[in-house]
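Remember, it's 1-based here, ligands and their atoms both numbered in the order they're listed. Keep in mind that this is a model prediction, so the values were computed, not measured.
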Amino acid sequence: MSAASRPEAAGICPVSGTVGQNVGLLTLKALLTGKALRRLDGIAYRFCAEPDCDVVYFDRDAGSIFDKSDLGVRVGLKESSDPIPICYCFDVTVSDLRTGTDVAAMIGAEVRAGHCACEVKNPQGSCCLGNVSAALARLRAAGSV
Ligand SMILES: [Zn+2]
């Protein structure tokens, strides 16, 4: 069967209908609580980035879903009150962005130094710099920085 004929629904969050980003099993193993980890039975999970959706990971083929309460860390994209983690590797929250420090430059330098561990620290399993840029743009638009 060609990839094009596979049902697209597999990539869509069963609750919010948001297209999920692929995320590796190692990320789930690192961030799920011990209790949740015992329910891990999918192999191809996706991350739901919809802010209002409690679902964090889903594998529809396996009928497996993990929500915010199944993670040991707060999912910054889904939180609206402090602390809102934005860079998990270097402990940056959205409130740090308001201080005027060049957080993006600091993170960039640490990434270049090979210090990041996004795969096991960031619930998205990928680099946070895109989220940092987006959050800064939102704060600037709101006149907060
Ligand atoms: Zn969702």
If only atom types and distance count, is the side chain of T33 paired as donor or acceptor with the main-chain N or O of L71 below 3.5 Å? no
Salt bridge (charged side-chain N to carboxylate O under 4.0 Å, His left out) partners for D67, two or more places apart: none
Apply salt bridge (charged side-chain N to carboxylate O under 4.0 Å, His left out) to D102 and list each qualifying residue two or more places apart in sequence or on a separate chain. none
Aromatic ring pairing Y57/Y45, orientation class (parallel under 30°, perpendicular over 60°, tilted between): perpendicular
Among residues at least two apart in sequence or on other chains, which ones pass side-chain contact (heavy atoms from CB on, under 4.5 Å) with I84? E79, D82, V94
Give every protein N, O or S atom lying under 2.8 Å from the Zn ion (ligand 1), naming each by residue and atom. C13 SG, S16 OG, C48 SG, C53 SG
Counting N and O atoms only, with roles assigned by atom type, does the side chain of R74 sit under 3.5 Å from a partner on the main chain of P83, one being a donor and the other an acceptor? yes
